[in-house]
Protein chains: 4
Amino acid sequence: MRADARRNRARIVATAIGLFTERGAGVGMDEIARASGLGVGTLYRHFPDKRALLVGIACDSLRELLACAQDAEARPIPAWAMLDLLVRRCVELPLALTKSLDGEHDPELEELQRRADEAIQQIVQRAQQEGSLRLDIPAREVVGLLNVAVCRPGARAEDHLVTVILDGLRAAPGQARGGSPVSAAVAPSEM
Amino acid sequence: MRADARRNRARIVATAIGLFTERGAGVGMDEIARASGLGVGTLYRHFPDKRALLVGIACDSLRELLACAQDAEARPIPAWAMLDLLVRRCVELPLALTKSLDGEHDPELEELQRRADEAIQQIVQRAQQEGSLRLDIPAREVVGLLNVAVCRPGARAEDHLVTVILDGLRAAPGQARGGSPVSAAVAPSEM
Amino acid sequence: MRADARRNRARIVATAIGLFTERGAGVGMDEIARASGLGVGTLYRHFPDKRALLVGIACDSLRELLACAQDAEARPIPAWAMLDLLVRRCVELPLALTKSLDGEHDPELEELQRRADEAIQQIVQRAQQEGSLRLDIPAREVVGLLNVAVCRPGARAEDHLVTVILDGLRAAPGQARGGSPVSAAVAPSEM
Amino acid sequence: MRADARRNRARIVATAIGLFTERGAGVGMDEIARASGLGVGTLYRHFPDKRALLVGIACDSLRELLACAQDAEARPIPAWAMLDLLVRRCVELPLALTKSLDGEHDPELEELQRRADEAIQQIVQRAQQEGSLRLDIPAREVVGLLNVAVCRPGARAEDHLVTVILDGLRAAPGQARGGSPVSAAVAPSEM
DNA sequence: GATGAATGAGGGTTCATTCAT
DNA sequence: GATGAATGAACCCTCATTCAT
């Protein structure tokens with residue numbers, strides 16, 4: 001790939017992320033091309049269709065996420081801290097776009113999603129093993145639930161939502177979690 | 001309004017909620033009409049345009065939410081239990097559609113949104129006053145954050161996400177919340 | 001036909017003439033019905049389709065025109081005066097609507113148009129015979145030309161256009177008409 | 001603008017003028033595109049909406065009219081001859097479409113209409129000053145009246161209507177115009 | 001290889017007309 | 001008979017995609 005081609009691709013991706021993040025996946029290809037300072041034809045040379053552009057961005061994000069996960073795991077810190085670190089970083093990635101790809105069947109995308117899920121799940125399990133993450137929710141579901149927190153348009157690392165979810169996932173020191181929150185809520189002992 | 005007209009309206013709304021919930025606000029009016037067993041014209045007689053249909057559904061949901069809030073407040077239970085109850089019920093409403101209405105300026109919709117926010121905020125504040133809801137997040141933001149949990153396609157009352165968020169919002173008994181979770185996470189004392 | 005049916009028909013026609021005259025033949029059937037204080041169904045009972053409504057109005061107008069022509073002919077006045085009188089009256093009729101019926105093949109309409117044309121043509125021919133109307137334009141065409149003056153949205157009897165056309169049709173006393181106006185216009189003798 | 005784009009634009013305009021002139025402004029965009037041998041998209045690339053197409057054609061016509069007016073004024077002929085020339089030429093332009101634009105507020109269109117009116121009015125005034133055009137009708141109204149003659153579907157330069165109107169506007173040599181034609185018509189002296 | 005003009009399926013909406021109440 | 005709700009063909013327009021320049 002020639003240098004200018006690589007530069008064009010990068011400009012397209014950067015512009016598209018900006019526009020998609022700001023105004024949703026409905027932004028038109030023409031506008032993305034124009035905002036990139038390119039013709040539509042060039043856009044289509046790099047991404048055969050709109051789906052491919054979204055998939056491309058999603059894959060980039062997932063690769064970044066995997067790098068973050070590896071980086072976190074490499075640190076000499078508890079698994080909980082790894083998770084915290086990872087979540088706060090992921091929030092800044094344009095993962096929200098992934099939502100518009102529900103039902104896609106791109107092999108690269110699926111492979112990356114699998115690996116990303118696996119990486120997070122591993123950290124989640126280690127956190128559960130070290131006793132810092134509640135045990136009453138299966139690791140598999142914790143991952144899905146973190147997805148929601150993270151794949152949200154407008155999410156920010158300092159979001160109170162992120163904080164609350166992490167706090168909610170934390171194992172309460174010295175007390176078992178897991179009773180039905182509804183019944184718990186109305187139990188007299190809670191008052 | 002004639003009996004059959006009312007029936008048709010109900011069918012349209014039900015069908016539209018189903019399709020919108022399942023496949024997003026992009027579903028076409030023609031398809032909604034067909035799935036309702038009606039002609040497009042009938043759809044447009046009941047809702048002058050697509051926006052009106054979305055707004056109509058959103059308003060219905062918000063009215064339902066307000067009813068839930070009133071019902072919850074009427075019970076002789078702690079504010080926390082009210083909130084728990086309310087959230088678990090709201091999750092079942094098609095509030096996710098509200099997201100596609102972000103730049104709408106329908107007066108009825110805005111009024112209902114205002115009242116809904118107010119109602120929830122009141123319960124949140126009472127929960128904070130009774131000491132069951134953490135104090136380090138302003139009530140205003142708690143409401144916004146609950147919105148995210150609740151206005152989510154595919155949310156269910158038994159969702160672990162709902163549970164986790166509610167747990168994360170719970171005031172930890174006997175310990176002050178509010179330290180930066182990030183630094184807290186890596187603090188040695190956490191290990 | 002029952003009394004109320006006749007009354008309804010009259011109301012429809014009056015309303016339709018008003019709306020069509022004011023805003024053109026594009027006005028919808030629903031609006032005509034509503035403005036008449038009736039349901040669409042009733043409108044369609046009286047006129048099987050929109051075309052029929054327009055044809056009905058046109059026929060009414062043509063009948064009125066024929067009456068005017070007979071009335072004018074019955075007076076003991078020169079043919080020119082008859083024509084003047086007739087034209088000034090016709091201008092007030094909603095004949096402009098006739099334009100939207102080009103290409104219609106309603107037998108009653110065509111018959112009335114034929115008779116109306118004939119009636120006017122007769123007066124025109126008599127005016128030509130009495131020497132008050134220029135001879136260089138065939139009577140047939142004079143009629144068509146008057147149609148243009150008269151079948152105009154917004155035409156009024158005092159219109160300067162009507163005056164100018166009548167003046168232009170007048171036989172110039174003592175001078176032959178008929179040279180090409182263009183060549184005449186640039187002829188030196190005109191200066 | 002690329003050569004083929006310019007060619008396509010010209011084809012669209014030509015086709016549209018033909019269809020609009022023949023069947024009115026109700027002709028659909030799809031049909032215009034098909035008759036031009038182009039896709040709808042191309043039509044909309046050149047004219048953002050139907051209104052713009054009509055406005056575009058109207059502006060072209062008005063520009064042509066202004067050119068005619070300038071050309072006429074540049075000739076060493078009496079004002080009356082200028083007017084005659086101008087009117088006969090305008091009749092061939094698709095100015096009839098202008099009627100369907102009543103109520104438009106395109107700045108370019110309005111400016112051109114103003115300038116066209118002004119240009120014609122100037123010639124009319126000069127014709128009145130030179131004594132060839134009757135004085136009993138304000139120049140302003142003469143212009144409006146000529147509009148009617150000229151903005152007529154199916155008008156042709158050799159039209160008898162044009163001739164008659166021009167003759168009707170001509171100042172009668174040696175006699176004052178302006179008596180009410182109606183009273184004149186029935187006056188005994190006219191017989 | 002880059003460009004942007006051309007394409008046309010598909011979506012939102014209107015309105016003449018039909019038909020159940 | 002009156003009503004107005006229901007119908008759907010047809011219209012205007014958008015936008016992902018292709019292709020001539």
Side-chain angles (χ1 to χ4, degrees), chain A residues 1-2 4-5 8 26-34 36-53, chain B residues 1-9 12 26-34 36-53, chain C residues 1-2 4-5 8 26-34 36-54, chain D residues 1-9 11-12 26-34 36-53:
Chain A
M1 197 181 236
R2 267 164 41 183
D4 59 343
N8 280 344
V27 179
M29 295 294 265
D30 274 36
E31 182 169 1
I32 293 169
R34 205 176 329 115
S36 306
L38 300 167
V40 239
T42 309
L43 178 44
Y44 275 90
R45 167 163 300 276
H46 287 281
F47 299 94
D49 56 22
K50 188 173 184 177
R51 195 184 116 302
L53 174 56
Chain B
M1 199 182 227
R2 252 159 53 178
D4 57 342
R6 198 163 37 243
R7 209 167 35 242
N8 281 341
R9 200 196 127 97
I12 289 169
V27 179
M29 294 294 267
D30 282 32
E31 183 171 358
I32 294 170
R34 205 173 331 114
S36 305
L38 300 167
V40 237
T42 308
L43 185 42
Y44 278 93
R45 165 175 287 272
H46 287 283
F47 299 95
D49 54 23
K50 187 175 183 175
R51 194 187 119 298
L53 174 57
Chain C
M1 197 182 237
R2 265 164 43 184
D4 59 341
N8 279 346
V27 178
M29 295 294 267
D30 275 34
E31 183 170 359
I32 293 169
R34 204 175 332 112
S36 306
L38 301 167
V40 238
T42 309
L43 180 44
Y44 275 90
R45 166 164 301 276
H46 287 283
F47 299 95
D49 56 22
K50 188 173 185 176
R51 194 185 118 299
L53 174 57
L54 284 164
Chain D
M1 196 184 229
R2 253 161 54 179
D4 57 343
R6 196 161 40 244
R7 208 168 34 244
N8 281 340
R9 198 192 128 95
R11 277 169 72 183
I12 288 169
V27 179
M29 292 295 265
D30 283 33
E31 184 171 358
I32 294 171
R34 203 171 335 112
S36 306
L38 300 167
V40 238
T42 307
L43 185 43
Y44 279 94
R45 164 173 288 272
H46 288 283
F47 300 94
D49 55 21
K50 187 174 183 176
R51 195 187 119 300
L53 175 56

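Letters A, B, ... mirror the listed sequences (proteins, then strands); counts begin at 1.
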Pair up each side-chain donor or acceptor in residues 47-54 of chain C with any protein partner under 3.5 Å, not counting sequence neighbours, and list the distances.
unit_1	atom_1	unit_2	atom_2	d
C:D49	OD1	C:R51	N	3.4
C:D49	OD1	C:A52	N	2.9
C:K50	NZ	C:A25	O	3.0
C:K50	NZ	C:V27	O	2.9
C:R51	NE	C:E104	OE1	2.6

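- Separation of atoms CG (D:L43) and CZ (D:R9) is listed at 11.0 Å; rounding is to 0.5 Å.
- Toward the 5′ end of DNA chain F lies the nearest nucleotide of C:L43, the other residue of the pair C:L43 and B:A5 mapping further downstream.
- Residues meeting the side chain to side chain contact (heavy atoms under 4.5 Å, CB included) test with D:R2, sequence neighbours left out: D:D4, D:A5.
- Toward the 5' end of DNA chain E, the nearer of the two residues D:D4 and B:D4, judged by each one's closest nucleotide, is D:D4.
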Strand DNA chain F in bracket notation, Watson-Crick/G-U under 3.5 Å with | for pairs to another chain
.||||||||||||||||||||
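- For residues 38-48 of chain A, no pair satisfies salt bridge (Lys or Arg N to Asp or Glu O under 4.0 Å), with sequence neighbours left out.
- Residues that satisfy the side chain to side chain contact (heavy atoms under 4.5 Å, CB included) test with C:T42, not counting sequence neighbours, are C:N8, C:L38, C:H46.
- Think of the region where chain C sits on DNA chain E: with heavy atoms and a 4.0 Å cut, that region ends 5' and 3' at E:dA16 to E:dT18.
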B/S/- contact track for nucleotides 8-16 of chain F, protein heavy atom under 4.0 Å:
BB--SBB-S
